[in-house]
**Student:** 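Provided herewith is a single structure, encoded as structure tokens, for subsequent inquiry.
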Amino acid sequence: MLLYDVVDASARVGATRSRTTKTQVIAELLRTAPADEVELVTAYLSGVLPQRRTGVGWRGLAQLPDPAPAAALTVTAVDAVMRRLTETAGVGSTATRAALVRELFESATEPEQGFLRGLMTGEIRQGALDGVMLAAIAEAAEVPQASVRRAVMLAGFAGPVAAAALTGGQAALDQITLEVGRPLRPMLAGSAADVSAAVDTLPADVPFAVECKLDGIRVQAHKRGDQVRLFSRSLDDVTERLPEIVDAVAALPAESVVLDGEVIALRADGSPHPFQVTGARTASSKDPAELRRTTPVTPWFFDLLHVDGRDLIDAPAHERIAALVGLVPESMVVPRLETQDPAQAQEFFDHWVSEGHEGVVVKDLSVPYAAGRRGAGWVKVKPRHTLDLAVLAIEWGSGRRKGLLSNIHLGARDPETGGFVMLGKTFKGMTDEMLAWQTTRFTELATDLGDWVVTVRPEQVVEIAFDGVQRSSRYPGGMALRFARVLRYRDDKRAEEADTIDQVRALRDWT
DNA sequence: TTCCGACAGTGGGGTCGCAAT
DNA sequence: ATTGCGACCCCACTATCGGAA
């Protein structure tokens, strides 16, 4: 199949906002794709490059050669280039990859170049990623959406599922089950402002549990015999980086196991390190034996999806947890409280937050493991901080925010100098109305109307919510806000009344 | 007819390793 | 030795569509 056919479909998908129309366009393309190219077409149209790292990003694609006059590239040919890029990533020279990129883009027409660039930088914005793709696979293969969804959750990716569905139909989808050693999509949590709001999102009178939420790295652990594999939230294999977790899982008294949990670095006294410490440890590929000595990590499991030939994903949570507790030593199970009393749940939250943990997850004990879905019975609650900060500058938006001032630079007041210290940026929490308002407002306050950044007189105060204050090498105060988002603009406060850098220092996550 | 769940989009800070400067 | 880039950890929030109620 020609890449052109995929690009054309992508353009038509992007041209409509109707999801049913998007679905039809994609389904039609999948039906016409040759069997051996369905997997690639599915991946490309959902913005996924099966080769995850190519070593080429936005910079490597900033300057493209003249496009080809006519479409001749096939998706198989594109795949061949991507494979070669992956092979050279990290070992070959930049020049080798640049040559491969040049060769590929020379044989692509202009719209194909645009699509390929989006694919390689993860910016396919056509209003259809995985969700619409699932519906399209179901329609093209004439199977129920629920079957496709389940297969994708268990297989991890849509491409292989599309290939199976279109060649083997329902029977082929039924063959896709939980496989020990192959990662499935992790179940995700919704969020709520506080414990009582979290409980309120669950059906009335269901039994629920509250679990301590650890600020570390999500890990899915698979064990079969003496073989252990560990996967990240995005299904990357992280086994080699976490030998102490491998040892812990290998020692479990079961032949085959699939566990879900969090890995975190702890201090000698058992209190958690800030996320940055755990993140640095797990991101590093230096000698694992050395890292294990200097920054050991500990597993805390909260779910059991398979044990000794028995799949538990469809069992209610209380059953999975009972099996987990029966298998895994208590020291490796997330602290949890089963209760029907919101006051006790609140107390549990207060306790673990005071111990330095991130918050809690409230879980409906009656629900199965809804792989890959958010908010189906898991609700997280974290403490929230707020500050009134001054807007120092603002960046032009892109995509649907093109032409609007979008991303605001935030500063705390420094009483020593009378100036402001930048603590980060945010584009979150803004309604369309706020975007329109702030575009006008900051144009008025502008001292420098740049193409990228507009600098303003620091006169506008904004109320910001955030999760914490972390160490920063980027900002002058050495601190940055984690997950900052806008609550509201404060026209009742002048910049001279904004919160100070000392108030921010008091909230640091390190000492 | 209204409500609400799921999805896509718009980006945030930090860390690492590697290649180029 | 430093800097820029790519990849991948953590992630919040709003707008919208379309099926459920």
**Student:** Give one of base, sugar-phosphate or nothing for Gly127(A), where a contact means two heavy atoms less than 4.0 Å apart.
**Tutor:**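 Sugar-phosphate contact only.
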**Student:** Tell me whether the side-chain N/O atoms of Ser406(A) come closer than 4.0 Å to OP1 or OP2 in dG11(B).
**Tutor:**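 Yes.
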**Student:** Nearest heavy atom decides the nucleotide; on that basis, is Ser232(A) or Val486(A) closer to the 5' end of DNA chain C?
**Tutor:**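 Looking at the nearest nucleotide for each, Ser232(A) comes out on the 5' side.
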**Student:** Among the candidates dT15(B), dC11(C), dA15(C), find the nucleotide nearest to the side-chain atoms of Gln276(A).
**Tutor:** dT15(B)
**Student:** Give a yes/no answer on whether the side chain of Arg53(A) brings an N or O atom under 4.0 Å of OP1 or OP2 in dA7(C).
**Tutor:** no
**Student:** Over how many whole Å does the gap from Arg97(A) atom CZ to dA20(B) atom C1' extend?
**Tutor:** 12 Å
**Student:** For Asp509(A) and dC11(C), what is the distance between atoms CG and C1' respectively, to the nearest whole Å?
**Tutor:**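 In whole Å, dC11(C) C1' and Asp509(A) CG are 15 Å from each other.
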**Student:** Just to confirm, is there a sub-4.0 Å distance from OP1 or OP2 of dA12(C) to any side-chain nitrogen or oxygen of Lys380(A)?
**Tutor:**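 For dA12(C), OP1 or OP2 has a side-chain N or O of Lys380(A) closer than 4.0 Å.
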**Student:** Can you tell whether the side chains of Asp260(A) and Arg218(A) come within less than 4.0 Å, N to carboxylate O?
**Tutor:**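 Looking at Asp260(A) and Arg218(A), the cut-off is met.
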**Student:** Of all the choices, dC9(C), dA19(B), dC13(C), which nucleotide is nearest to the side chain of Lys428(A) once you look at every atom?
**Tutor:**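 Selected nucleotide (nearest to the side chain): dC13(C).
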**Student:** How many whole angstroms separate atom CG of Leu487(A) from atom P of dA12(C)?
**Tutor:** 14 Å
**Student:** Looking at every strand, decide which applies to Asp236(A) at a 4.0 Å heavy-atom threshold: base, sugar-phosphate, or nothing.
**Tutor:** sugar-phosphate
**Student:** Within 45° of the ring axis of Phe275(A) and under 6.0 Å from its six-membered ring centre, is that where the NZ or CZ of Arg482(A) lies?
**Tutor:** yes
**Student:** In whole angstroms, how far is the C1' atom of dG13(B) from the CZ atom of Arg508(A)?
**Tutor:** 18 Å
**Student:** Which is true for Thr278(A) with a 4.0 Å heavy-atom rule: it touches a base, it touches only sugar-phosphate, or it touches nothing?
**Tutor:**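 Thr278(A): no heavy atom of the nucleic acid under 4.0 Å.
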**Student:** Please state how far atom CZ in Arg474(A) lies from atom P in dT2(C), giving the value in whole angstrom units.
**Tutor:** 19 Å
**Student:** Go through dG12(B), dG17(B), dA19(B) for me and flag the one nearest to the Thr94(A) side chain.
**Tutor:** dA19(B)
**Student:** Please give, in whole Å, the distance from dG12(B) P to Ile394(A) CD1?
**Tutor:** 12 Å
**Student:** Report the nucleotide, chosen from dG9(B), dG19(C), dG17(B), that has the shortest atom-to-atom distance to any side-chain atom of Arg400(A).
**Tutor:**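 Nearest to the side-chain atoms of Arg400(A), counting from C-beta on, is dG9(B).
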**Student:** When all nucleic acid strands are considered with a 4.0 Å heavy-atom cut-off, which category describes Asp432(A): base, sugar-phosphate, or nothing?
**Tutor:**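 The residue Asp432(A) makes sugar-phosphate contact but no base contact.
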**Student:** Would one find a side-chain N or O of Asn407(A) under 4.0 angstrom from OP1 or OP2 of dT10(B)?
**Tutor:** no
**Student:** For Ala283(A) and Thr426(A), find the nucleotide of DNA chain B closest to each by heavy atoms; which residue's nucleotide sits nearer the 5' end?
**Tutor:** Thr426(A)
**Student:** Taking 4.0 angstrom as the limit, do Asp130(A) and Arg185(A) come out as a salt bridge?
**Tutor:** yes
**Student:** Within the structure, does a side-chain N or O atom of Arg149(A) lie under 4.0 Å from either OP1 or OP2 of dC7(B)?
**Tutor:** yes
**Student:** Nearest of dC9(C), dG13(B), dC11(C) to any side-chain atom of Phe483(A)?
**Tutor:**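 Among the listed nucleotides, the one closest to the side chain of Phe483(A) is dC11(C).
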**Student:** Where each residue is assigned the nucleotide of DNA chain C containing its nearest heavy atom, which of Ser18(A) and Ile217(A) is assigned the position nearer the 5′ end?
**Tutor:** Ile217(A)
**Student:** Rounding to an integer number of Å, can you tell me how far Asp287(A) CG sits from dG17(B) P?
**Tutor:** 12 Å
**Student:** Considering every strand and a 4.0 Å limit on heavy-atom distances, what is the contact class for Ala484(A): base, sugar-phosphate, or nothing?
**Tutor:** nothing
**Student:** Which part of the nucleic acid, if any, lies within contact of Thr282(A), taking any heavy atom under 4.0 Å across all strands shown: a base, the sugar-phosphate backbone alone, or nothing?
**Tutor:** nothing
**Student:** From dA8(B), dT10(B), dC9(C), pick the nucleotide closest to the side chain of Leu129(A)?
**Tutor:**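 Between dA8(B), dT10(B), dC9(C), the one nearest the side chain of Leu129(A) would be dA8(B).
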**Student:** Among dG12(B), dG17(B), dT16(C), which nucleotide has an atom closest to any side-chain atom of Lys286(A)?
**Tutor:**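 It is dG17(B).
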**Student:** Does the pair Arg267(A)/Glu355(A) count as a salt bridge with the N-to-O cut at 4.0 Å?
**Tutor:**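 Salt bridge: no.
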**Student:** With the threshold set at 4.0 Å, does a side-chain nitrogen-carboxylate oxygen contact exist between Arg485(A) and Glu463(A)?
**Tutor:**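 Looking at Arg485(A) and Glu463(A), the cut-off is not met.
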**Student:** For Leu291(A) and dG17(B), give me the distance from atom CG to atom C1', rounded to whole Å.
**Tutor:**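 Spelled out: CG on Leu291(A) to C1' on dG17(B) is 13 Å.
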**Student:** Across the strands shown, which category fits Ser191(A) at heavy-atom distances under 4.0 angstrom: base, sugar-phosphate, nothing?
**Tutor:** nothing
**Student:** Looking at Arg229(A) and Asp237(A), does any basic side-chain N land under 4.0 Å from a carboxylate oxygen?
**Tutor:**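 Here Arg229(A) pairs with Asp237(A) in a salt bridge, since their nearest N and O are under 4.0 Å apart.
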**Student:** Between Thr239(A) (side chain) and Leu230(A) (backbone), is there a donor-acceptor pair under 3.5 Å?
**Tutor:**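 It does hold such a pair.
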**Student:** Looking at Asp502(A) and Arg413(A), is there a salt bridge between them, counting it only when a charged N and a carboxylate O are closer than 4.0 Å?
**Tutor:**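 Salt bridge flag = no for Asp502(A) with Arg413(A).
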**Student:** Can you check whether Arg482(A) has a side-chain N or O nearer than 4.0 Å to OP1 or OP2 of dG13(B)?
**Tutor:**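 Indeed not, no polar side-chain atom of Arg482(A) lies that close.
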**Student:** Need the pair for dA19(B). Rule: Watson-Crick or G-U wobble, both distances under 3.5 Å, any strand; none if unpaired.
**Tutor:** dT3(C)
**Student:** Is Lys402(A) close enough to dG9(B) that one of its side-chain N or O atoms is under 4.0 Å from OP1 or OP2 there?
**Tutor:** no
**Student:** Below 3.5 Å, does any donor atom in the side chain of Arg19(A) face an acceptor in the base of dC17(C), or the other way round?
**Tutor:**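 Yes, a donor-acceptor pair under 3.5 Å.
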**Student:** Nearest to the Lys382(A) side chain among dG9(B), dC11(C), dC13(C), which nucleotide is it?
**Tutor:**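 Of the options given, the side chain of Lys382(A) lies nearest dC11(C).
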**Student:** If you check the Thr54(A) side chain, which of dA7(C), dA15(C), dC10(C) turns out closest?
**Tutor:**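 Selected nucleotide (nearest to the side chain): dA7(C).
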**Student:** Output the single nucleotide from dT15(B), dG17(B), dT16(C) whose closest atom is nearest the side chain of Ser284(A).
**Tutor:**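 The answer is dG17(B), which lies nearest to the side chain.
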**Student:** Please determine if a side-chain N or O atom of Trp58(A) lies less than 4.0 Å away from the OP1 or OP2 oxygen of dC5(C).
**Tutor:**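 Answer no for this pair, as no side-chain N or O of Trp58(A) is under 4.0 Å from OP1 or OP2.
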